[in-house]
Novice: 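Have a look at this one before I ask anything.
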Amino acid sequence: MTGDARREVIDCLVNVHFGETAKQPDFMLKVRDDYFKGPSSLYDPVELPQLLDEMDAHGVVKAILMDNLRTPSVTARKFVAERPDRFALAIGGIDLLRPVPALRELSAVARDLPVAYAVVGPSFWGDGRYPPSDAVYYPLYAKCAELELPLCVNTGIPGPPIPGEAQHPIHLDRVCVRFPELKLCMIHGADPWWDVAIRLLIKYRNLRLMTSAWSPKRLPDSLLHYMRTRGRDKVIFASDWPVLRQNRVVPEALALDLPPDVLDNYLHHNAAEFFFGRRREEI
């Protein structure tokens, strides 16, 4: 893509399920009010035309919608069924303490629906007691490697007032050693451990980082330098919509001091290759 041609974007983390819950948990309200300073309407139901209009206005050709094994999102699955050309799913809610039935269900969902990746947040289950290096995750790692299904893992201190140590990216060091076949992505950035995350990205070919829930203008200089140099194929764009809206984060990403090819990789190509299996020469 050259000149002033419009850039295509893949938004790799979009939440359309919030409005399905009559009352959000207290920690989600604290994230809205104290962390992101969001409007009271942040968790309102969303209609398909509303989301498509925002996507179209900012060149977002595809979005990955958060879904859940325990409580499937009616909205996410409806949007995927109606517009499979524009949406895919990310599957969370995997019971790692009862892995056999959970992973059977994950396999079935990945077979029957357009699933781009599985996702787990170490701080958000088990009271944050299990870092990703714990063997409780190993069945999930093995299953995702077997299915060739990318796995996203929250890294960095979480916004809600819950323990964050389990999301230190160093815990993925041992995972990458033991599961080199696993396509693994750190999501929600890695603050305040950006340098550790970058060092791991340099070290492991199967590892990526997604900047979901991070305003592009707030990304650290060390990450932008890495993107311009050794990390051209390693960093992936996402919004965490509606926590951060596309009408904010896409223009901020376009304004980053990045070469055009690096920007295209960040906004589209890296996700197309990592999550959707499109070879670089096909993009």
Side-chain angles (χ1 to χ4, degrees), residues 10 12-13 62 64-70 72 80 88-126 129-156 166-188 190 196-210 212 231 233-236 238 269-280 282-283:
I10 298 176
C12 292
L13 203 162
K62 202 171 190 76
I64 301 175
L65 310 180
M66 295 299 293
D67 197 5
N68 193 290
L69 281 186
R70 293 191 190 118
V80 164
L89 296 173
I91 301 296
I94 301 161
D95 186 351
L96 301 182
L97 300 180
R98 293 291 306 278
V100 173
L103 296 178
R104 283 177 180 155
E105 187 176 0
L106 176 63
S107 299
V109 171
R111 181 185 64 242
D112 296 337
L113 295 172
V115 177
Y117 61 82
V119 60
V120 64
S123 287
F124 290 84
W125 74 278
R129 289 176 296 169
Y130 301 100
S133 54
D134 193 282
V136 74
Y137 291 84
Y138 283 18
L140 175 62
Y141 297 153
K143 178 56 68 175
C144 286
E146 176 189 337
L147 297 175
E148 297 183 341
L149 180 66
L151 176 65
C152 290
V153 179
N154 289 35
T155 47
Q167 295 190 172
H168 195 306
I170 194 60
H171 295 299
L172 297 176
D173 189 35
R174 192 177 300 276
V175 178
C176 289
V177 169
R178 292 186 172 174
F179 296 90
E181 303 87 355
L182 175 64
K183 296 175 71 174
L184 192 62
C185 183
M186 299 175 278
I187 64 172
H188 293 345
V196 174
I198 292 168
R199 184 64 187 87
L200 293 173
L201 289 167
I202 293 171
K203 186 177 179 182
Y204 297 112
R205 296 181 62 183
N206 61 323
L207 187 62
R208 301 292 187 274
L209 182 140
M210 185 192 297
S212 48
D233 62 344
K234 288 300 196 92
V235 182
I236 294 170
H269 299 345
N270 292 343
E273 187 171 40
F274 193 71
F275 293 126
F276 298 103
R278 293 180 60 188
R279 294 190 300 272
R280 190 59 49 135
E282 297 174 338
I283 298 172

Novice: Are Leu69 and Glu105 packed together at the side-chain level, in the sense that at least one heavy-atom pair is separated by less than 4.5 angstrom?
Specialist: yes
Novice: To the nearest 0.5 Å, tell me how far Met210 CE sits from Asn270 CG.
Specialist: 11.0 Å
Novice: Could you check whether any side-chain heavy atom of Val136 comes within less than 4.5 Å of a side-chain heavy atom of Leu97, counting everything from C-beta outward?
Specialist: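 Yes, at least one pair of side-chain atoms sits under 4.5 Å.
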Novice: Just wondering, do Pro122 and Tyr137 contact through their side chains at under 4.5 Å, heavy atoms?
Specialist: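 In short, these two side chains touch, coming nearer than 4.5 Å.
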Novice: Taking atom SG of Cys12 and atom CE of Met66, what is their separation to the nearest 0.5 Å?
Specialist: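 Interatomic distance, Cys12 SG to Met66 CE, rounded to 0.5 Å: 11.5 Å.
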Novice: Check the pair Cys185, Leu209 against side chain to side chain contact (heavy atoms under 4.5 Å, CB included), reporting the backbone distance first and the verdict last.
Specialist: CA-CA 5 Å; Cys185 183; Leu209 182 140; 5.6 Å; no
Novice: Rounded to the nearest 0.5 Å, what's the gap from CG on Leu106 to NZ on Lys143? Could you check?
Specialist: 8.0 Å
Novice: Under the 3.5 angstrom rule, does the side chain of Arg98 hit a backbone N or O of Asp95 as a donor-acceptor pair?
Specialist: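 Not a single qualifying donor-acceptor pair exists.
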Novice: Considering all heavy atoms of both residues, which atom of Ala116 and which atom of Ile64 are nearest to each other, and what is their separation?
Specialist: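 Of all heavy-atom pairs spanning Ala116 and Ile64, the closest is CB-CD1, 3.7 Å.
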Novice: Can a salt bridge be assigned to the pair Asp173 and Lys203 using a cut-off of 4.0 Å between side-chain N and carboxylate O?
Specialist: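 Here Asp173 pairs with Lys203 in a salt bridge, since their nearest N and O are under 4.0 Å apart.
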Novice: May I ask you to test the Thr155-Leu172 pair for a side-chain heavy-atom distance under 4.5 Å?
Specialist: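 Thr155 vs Leu172: side chains touch.
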Novice: If I compare all heavy atoms of Ala272 with all of Ile10, which pair ends up nearest, and what's the gap?
Specialist: N-CD1, 3.8 Å
Novice: Check whether NZ of the Lys or CZ of the Arg Lys62 lies under 6.0 Å from the centre of the six-membered ring of Phe276 and within 45 degrees of that ring's axis.
Specialist: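 Judged by the rule (NZ or CZ under 6.0 Å from the ring centre, within 45° of its axis), Lys62 counts as positioned above Phe276.
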Novice: Look at the side chain of Glu181 and the backbone N and O of Ala145, then say whether any donor-acceptor pair between them is shorter than 3.5 Å.
Specialist: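 A pair under 3.5 Å: no.
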Novice: Please find the pair of heavy atoms, one from Ala118 and one from Ile94, that lie closest to each other, and give the distance.
Specialist: CB-CD1, 4.2 Å
Novice: Tell me, do Tyr130 and Leu96 make a side-chain contact under 4.5 Å, heavy atoms counted?
Specialist: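 Not touching, per the 4.5 Å side-chain cut-off.
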Novice: Of all heavy-atom pairs between Ile170 and Val196, which one has the smallest distance, and what is that distance?
Specialist: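 That would be N-CG1, 4.0 Å.
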Novice: Is it true that a side-chain atom of Lys234 and a backbone atom of Leu207 form a donor plus acceptor pair closer than 3.5 Å?
Specialist: yes
Novice: Can any side-chain N or O of Arg208 pair as donor or acceptor with the backbone N or O of Asp233 at less than 3.5 Å?
Specialist: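 Pair found, side chain donor or acceptor close to backbone of Asp233.
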Novice: I need the single residue from Val175, Leu184, Val177 that forms a side-chain contact (heavy atoms from CB on, under 4.5 Å) with Tyr204. Which is it?
Specialist: Val177
Novice: Kindly indicate whether the side chain of Ser107, heavy atoms from C-beta on, has any atom under 4.5 Å from the side chain of Leu147.
Specialist: yes
Novice: Could you give me the CA-CA distance, side-chain angles and deciding distance for Cys152 and Phe275, then say whether side chain to side chain contact (heavy atoms under 4.5 Å, CB included) is met?
Specialist: CA-CA 10 Å; Cys152 290; Phe275 293 126; 3.9 Å; yes
Novice: So which atom in Pro169 and which in Leu200 form the shortest heavy-atom distance, rounded to 0.1 Å?
Specialist: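 It is O-CD1, 3.1 Å.
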Novice: Do the side chain of Asp67 and the main chain of Pro72 share a donor and acceptor less than 3.5 angstrom apart?
Specialist: no
Novice: Does the side chain of Leu201 come within less than 4.5 Å of Met186's, by heavy atoms?
Specialist: yes
Novice: Grab the two heavy atoms, one from His171 and one from Ala166, that are nearest each other, plus how far apart they are.
Specialist: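 Closest pair (atom of His171, atom of Ala166, distance): CD2-O, 3.5 Å.
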Novice: So, Arg178 versus Tyr141: side-chain donor-acceptor pair below 3.5 Å or not?
Specialist: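 No, Tyr141 and Arg178 have no side-chain donor paired with an acceptor closer than 3.5 Å.
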Novice: To the nearest 0.5 Å, what is the distance between SG on Cys144 and CG on Leu149?
Specialist: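 Between Cys144 SG and Leu149 CG, I get 4.5 Å after rounding to 0.5 Å.
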Novice: Before giving the answer on ring-ring contact (aromatic ring centres under 6.0 Å, His included), spell out for Tyr117 and Phe274 the whole-Å C-alpha distance, their side-chain angles and the decisive distance to 0.1 Å.
Specialist: CA-CA 10 Å; Tyr117 61 82; Phe274 193 71; 9.1 Å; no
Novice: Just wondering, do Ser123 and Asn154 contact through their side chains at under 4.5 Å, heavy atoms?
Specialist: no
